[in-house]
Amino acid sequence: MSRLAKVLGFLACASAISLPVYGLFHGYFDHGLFEIKQVQWSPSKQVGIVAERSDHDALGGLTYFVLISDHVLSPNDLRRAYYSDAVVFAATATCLKVEWESSTTFAVKCDGSVIDANHIDVQKTRSDEVNVSYVNIAIK
């Protein structure tokens, strides 16, 4: 077998393996429903978004997550963001609300309840130039 054929064969095998793995970790095979629950604009024209990921399959569940963006995201954009490092907060709690305290301070709140550390999947204190604070949410 020629060297070119071996290299092409190796590249074909590597592509056949890496593309599905890439898709798995970037949400392309996630059939869950992504829906915006709250949008809150900042004075500096950034938007805080509370979104829900629901899935009725056996391995799925219900997760609420928070993002900061420069525009309101579509369901496909929410899916991609959920599998990226853009998520500021994620938990299995339905009480999430967001509020801009200033153009650089963003608050994630649990309205009417408290979220303990066992229910938190992601929790950041900063997103780019924005400080994130938490109300009625344990620090993980």
Side-chain angles (χ1 to χ4, degrees):
M1 186 183 269
S2 75
R3 183 179 179 142
L4 178 61
K6 288 181 184 178
V7 169
L8 290 175
F10 173 77
L11 291 175
C13 288
S15 295
I17 293 170
S18 64
L19 287 177
V21 170
Y22 175 83
L24 178 66
F25 291 106
H26 288 84
Y28 293 106
F29 302 118
D30 185 343
H31 298 291
L33 176 65
F34 289 81
E35 182 179 1
I36 291 178
K37 293 298 184 180
Q38 182 193 359
V39 171
Q40 183 72 40
W41 287 96
S42 77
S44 61
K45 302 299 181 206
Q46 289 184 296
V47 63
I49 301 170
V50 176
E52 175 189 82
R53 183 208 171 272
S54 59
D55 188 356
H56 300 293
D57 292 340
L59 297 176
L62 182 65
T63 301
Y64 285 82
F65 60 102
V66 175
L67 303 162
I68 298 173
S69 181
D70 59 357
H71 66 284
V72 177
L73 302 176
S74 71
N76 283 334
D77 290 338
L78 287 173
R79 178 178 284 108
R80 282 190 291 277
Y82 181 73
Y83 286 94
S84 75
D85 65 348
V87 174
V88 173
F89 183 80
T92 57
T94 60
C95 62
L96 290 182
K97 302 284 184 218
V98 294
E99 178 180 299
W100 289 95
E101 295 175 346
S102 71
S103 60
T104 60
T105 305
F106 181 69
V108 180
K109 302 177 178 188
C110 181
D111 194 25
S113 185
V114 175
I115 301 174
D116 65 27
N118 295 331
H119 293 93
I120 297 171
D121 297 324
V122 175
Q123 186 177 44
K124 296 180 181 176
T125 58
R126 191 160 179 81
S127 175
D128 292 331
E129 305 296 318
V130 177
N131 293 314
V132 182
S133 66
Y134 295 95
V135 177
N136 293 336
I137 298 172
I139 302 300
K140 189 172 180 176

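All of these numbers come straight from a predicted model, not from anything done at the bench. For this chain, numbers begin at 1 and follow the sequence in order.
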Do the side chains of I139 and V88 join up, straight or via other hydrophobic residues, at under 4.5 Å, putting them in one cluster?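 As far as the 4.5 Å side-chain criterion goes, V88 and I139 are connected within one cluster.
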
Name all pairs fulfilling the side chain to side chain donor-acceptor pair (under 3.5 Å) condition that reach into residues 63-76, sequence neighbours left out, sorted by first residue then second.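 Sorted pair list: E52-Y64, S74-D77, N76-R79.
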
Are the side chain of [X] and the backbone of [Y] linked by a donor-acceptor contact shorter than 3.5 Å?
X: K124; Y: D85; answer: yes
X: S127; Y: V130; answer: no
X: Q46; Y: I68; answer: no

Just how far is it from atom [atom1] of [X] to atom [atom2] of [Y], taken to the nearest 0.5 Å?
X: R53; Y: L78; atom1: CZ; atom2: CG; answer: 12.0 Å
X: F65; Y: D121; atom1: CZ; atom2: CG; answer: 11.5 Å
X: T104; Y: D128; atom1: OG1; atom2: CG; answer: 12.5 Å
X: H119; Y: I137; atom1: NE2; atom2: CD1; answer: 13.0 Å
X: K109; Y: F89; atom1: NZ; atom2: CZ; answer: 14.0 Å
X: L96; Y: I49; atom1: CG; atom2: CD1; answer: 13.5 Å

Search all heavy atoms of [X] against all heavy atoms of [Y] and return the closest pair with its distance.
X: S84; Y: A81; result: OG-O, 2.8 Å
X: N136; Y: S113; result: CB-O, 3.3 Å
X: Q40; Y: E99; result: CG-CA, 4.1 Å
X: K97; Y: D111; result: CG-CB, 3.8 Å
X: A138; Y: A117; result: CB-N, 3.6 Å

What pairs with V39 under side chain to side chain contact (heavy atoms under 4.5 Å, CB included), at least two apart in sequence or on another chain?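 For V39, the residues satisfying side chain to side chain contact (heavy atoms under 4.5 Å, CB included) (neighbours in sequence not counted) are I36, W41, V47, V72.
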
Testing V66, I115, V50, V135 for side-chain contact (heavy atoms from CB on, under 4.5 Å) with V108, which one passes?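 That would be V66; it is the only one of V66, I115, V50, V135 passing the side-chain contact (heavy atoms from CB on, under 4.5 Å) with V108.
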
For residues 92-118, pull every pair meeting ring pair (Phe, Tyr, Trp, His ring centres under 6.0 Å), keeping only residues two or more places apart or in separate chains.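 Counting only pairs at least two positions apart or across chains, the ring pair (Phe, Tyr, Trp, His ring centres under 6.0 Å) contacts touching residues 92-118 are W100-F106.
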
Could you tell me whether the side chain of L67 reaches within less than 4.5 Å of the side chain of V87, counting heavy atoms only?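 Yes; the side chains approach each other to less than 4.5 Å.
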
